[in-house]
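Read the numbers this way: they start at 1 and go in the same order the structure lists the ligands and their atoms. Because only heavy atoms are used, hydrogens play no part in the values below, and waters and symmetry mates are left out as well, while side chains stay in.
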Amino acid sequence: MSDLEKVLAHIDADFDNALDRLFQTVRLKSISTDPAYAGETRACAEWHSRDLASIGFASEVRDTPGHPVVLAKNHEATGTKVLFYGHYDVQPADPLELWEGDPFEPTIATLPDGSKEIRGRGASDDKGQLMTFVEACRAWKAVTGSLPIPITLMLEGEEESGGVNLPGFLDAAKDELEADVAMICDTNMWDKETPAITTSLRGLCAEEIFIHAADRDLHSGFYGSAAANPNHILARILADLRDDEGRIAIPGLYEGVPELPDSARKSWDGLGFSEEEFLGEVGLSIPAGEKGRAVLEQTWSRPTCEVNGMHGGYTGDGFKTVIPAVASAKISFRLVFDQDPHKIRTAFREFVRARVPADCRVEVTDFGSGRAVAFEVGAPAFQRTQQALSDEWGKQAAFVGGGGSIPVTTMIKEKLGMDVVMAGFGLSDDRIHSPNEKYSLTSFHKGIRSWARVLARL
Ligand code: BES
Ligand code: MN
């Protein structure tokens with residue numbers, strides 16, 4: 001038996017223990033956006049650091065002004081040096097009443113077709129995914145006494161909440177993070193049989209706006225029409241964000257957005273994407289957004305502007321005839337190609353201010369931003385990862401675009417000058433960020449086996 005075969009057999013034999021370890025981290029409520037969970041977020045970092053130390057990494061919990069970063073290193077082997085990134089923080093679990101079980105008490109559910117899934121917040125995004133890589137390292141270490149290549153792991157605790165402290169961390173730890181290539185396990189497969197390497201991600205620009213009108217809530221009978229209503233002002237702003245063709249109407253927004261190159265269009269057309277199935281899976285059937293553009297093009301290579309939350313006036317039970325003093329909305333832009341998040345923020349603020357009467361006031365809060373990123377796949381690390389994934393899944397791994405954002409990817413490319421190979425085993429129905437998040441048991445098992453093969457190929 002080759003070393004790799006022994007490692008794969010070890011992974012199969014140790015799988016129940018791998019699951020137990022995943023359950024341990026899912027139980028820790030590392031909700032980075034909510035200060036009430038700062039202690040448990042740190043406890044989760046400490047758990048991962050201890051776990052990595054137990055398999056021979058020199059591992060530390062590094063403080064930042066926010067949540068800590070776990071930095072672990074084992075450079076005993078020679079060969080291609082890999083920097084692996086994952087995030088141990090998770091999204092809030094609410095609305096809690098929509099979960100079938102406790103989001104932080106992971107379980108394994110068996111579906112009618114006999115397939116199994118791991119349920120819990122972070123089961124997929126990103127604890128299940130990052131543990132596929134850790135378990136592959138553990139298996140190599142257990143079987144051969146060492147890792148096959150030098151590896152550094154960096155586990156972030158603020159990915160889901162803007163990650164404002166990561167750029168500073170990367171600058172300060174630049175020398176320690178030096179490697180030949182970076183790898184991330186935080187993306188999806190093409191479908192449940194076809195592995196994928198994501199070669200582009202969209203950037204992000206997030207902003208909350210508050211429209212302040214009168215200095216108190218008013219009786220809508222005494223003041224209606226005469227006093228500005230911030231809900232109406234906000235609604236107008238939000239409605240104006242897109243024109244009838246679905247284009248974003250903010251001046252200058254499409255600066256730096258070229259038409260998709262023919263090569264990418266051809267390659268994506270070849271994937272056989274079904275818009276009907278994609279929307280059907282979430283109970284919809286009519287593509288929204290920019291007219292005349294395919295869904296895949298819209299989500300992978302066009303900017304979007306989405307209202308993620310809005311609030312104003314009385315939203316409790318019953319009814320209250322009130323004109324609120326303030327209304328607010330959380331709005332995010334996904335960015336592509338060379339769009340500049342700072343220019344877009346400025347243009348958006350001007351767009352908002354131009355629609356607010358002179359006796360009212362706008363307040364804005366910056367919730368972070370990052371540029372889009374894309375990689376050419378000619379470098380050996382992409383090819384070898386593709387081969388390793390294809391070996392494990394028995395199907396050629398696809399190169400795909402990505403609609404989400406993983407801000408560190410752009411920073412690794414720009415600050416550390418490395419390619420980032422994004423191989424993930426999530427599925428589009430994992431319900432990440434939603435109630436009843438799950439990770440398929442097959443994703444977890446074959447994900448671990450996939451990384452074991454990637455390490456061998458590298
Ligand atoms: N893992 C996701 C992003 C993702 C999922 C990319 C599936 C490709 C396929 C990531 O954790 C995430 O959700 N990121 C946030 C970042 C934001 C809060 C800064 C996002 O995209 O909304
Ligand atoms: Mn993630």
Exercise. Taking Ser405 as the fixed residue, which of Arg371, Arg334, Arg202 is the one that meets the side-chain hydrogen bond (donor to acceptor under 3.5 Å, both in side chains) rule?
Worked result: Arg334

Problem set entry | Ligand-residue contact atoms, ligand 1 with Arg334, heavy atoms, under 4.0 Å | 20 (C), 21 (O), 22 (O)

Problem set entry | Pairwise salt bridge (Lys or Arg N to Asp or Glu O under 4.0 Å) hits with a residue in residues 19-30, at least two apart | Asp14-Arg21, Arg21-Glu135, Arg27-Glu105

Exercise. At a 4.0 Å threshold, what atoms of ligand 1 neighbour a non-hydrogen atom of Leu204?
Worked result: 17 (C), 19 (C)

Problem set entry | Residue pairs fulfilling salt bridge (Lys or Arg N to Asp or Glu O under 4.0 Å) with at least one residue in residues 120-130, sequence neighbours excluded | Arg121-Glu437

Exercise. Got Ile184 and Val421 here, is their nearest side-chain heavy-atom distance under 4.5 Å?
Worked result: no

Exercise. Any non-hydrogen atom of Ile432 lying under 4.0 Å from ligand 1?
Worked result: yes

Exercise. Any N/O of Asn188 closer than 3.5 Å to an N/O of ligand 1?
Worked result: no

Exercise. Heavy atom of Met422 under 4.0 Å from ligand 1?
Worked result: no

Seminar exercise, completed: among protein heavy atoms, the one nearest atom 11 (O) of ligand 1 is Glu159 OE1, 2.8 Å

Exercise. What pairs with Arg349 under side chain to side chain contact (heavy atoms under 4.5 Å, CB included), at least two apart in sequence or on another chain?
Worked result: Glu207, Arg345, Arg353, Val364, Asp366

Exercise. Should the ring pair Trp300 and Trp268 be called parallel, tilted or perpendicular, given that the plane angle runs from 0 to 90° and is split at 30 and 60?
Worked result: perpendicular

Exercise. Does Glu276 CD have over 12 foreign heavy atoms under 6.0 Å away?
Worked result: no

For this session: Mind telling me whether Phe333 and Phe348 have parallel, tilted or perpendicular rings, with 30° and 60° as the class edges?
Result: perpendicular

Seminar exercise, completed: atom 14 (N) of ligand 1: closest protein heavy atom, distance to 0.1 Å, is Ser405 O, 2.9 Å

Exercise. Are any of the side-chain heavy atoms of Leu22 and Val26 separated by less than 4.5 Å?
Worked result: yes

Exercise. What do you reckon, are the aromatic ring centroids of Phe444 and Phe15 less than 6.0 Å apart?
Worked result: yes

Problem set entry | Proximal protein heteroatoms (N, O or S) of the Mn ion (ligand 2), under 2.8 Å | His87 NE2, Asp125 OD1, Asp186 OD1, Asp186 OD2

For this session: Run the contact test for Arg202 against ligand 1 with a 4.0 Å cut-off on heavy atoms, strictly below, and give the result.
Result: no

For this session: Describe, in one word, how the ring planes of Phe382 and Phe375 are oriented to each other, choosing from parallel (under 30°), tilted (30 to 60°) and perpendicular (over 60°).
Result: tilted

For this session: State the atoms of ligand 1, each with its element, that fall below the 4.0 Å cut-off from a heavy-atom position in His87.
Result: 11 (O)

Problem set entry | salt bridge (charged side-chain N to carboxylate O under 4.0 Å, His left out) assessment of Asp180 paired with Lys81 | CA-CA 5 Å; Asp180 297 309; Lys81 203 186 282 178; over 6 Å; no

Exercise. So is Asp125 polar-close to ligand 1, meaning N/O to N/O under 3.5 Å?
Worked result: yes

Seminar exercise, completed: Of Asp186, Asp126, Asp430, the residue with the heavy atom nearest atom 6 (C) of ligand 1 is Asp186

Exercise. Based purely on interatomic distance, does Glu160 place a nitrogen or oxygen under 3.5 Å from a nitrogen or oxygen of ligand 1?
Worked result: yes

Problem set entry | Interfacing atoms of ligand 1 (cut-off 4.0 Å, heavy-atom, Thr187) | 8 (C), 9 (C)

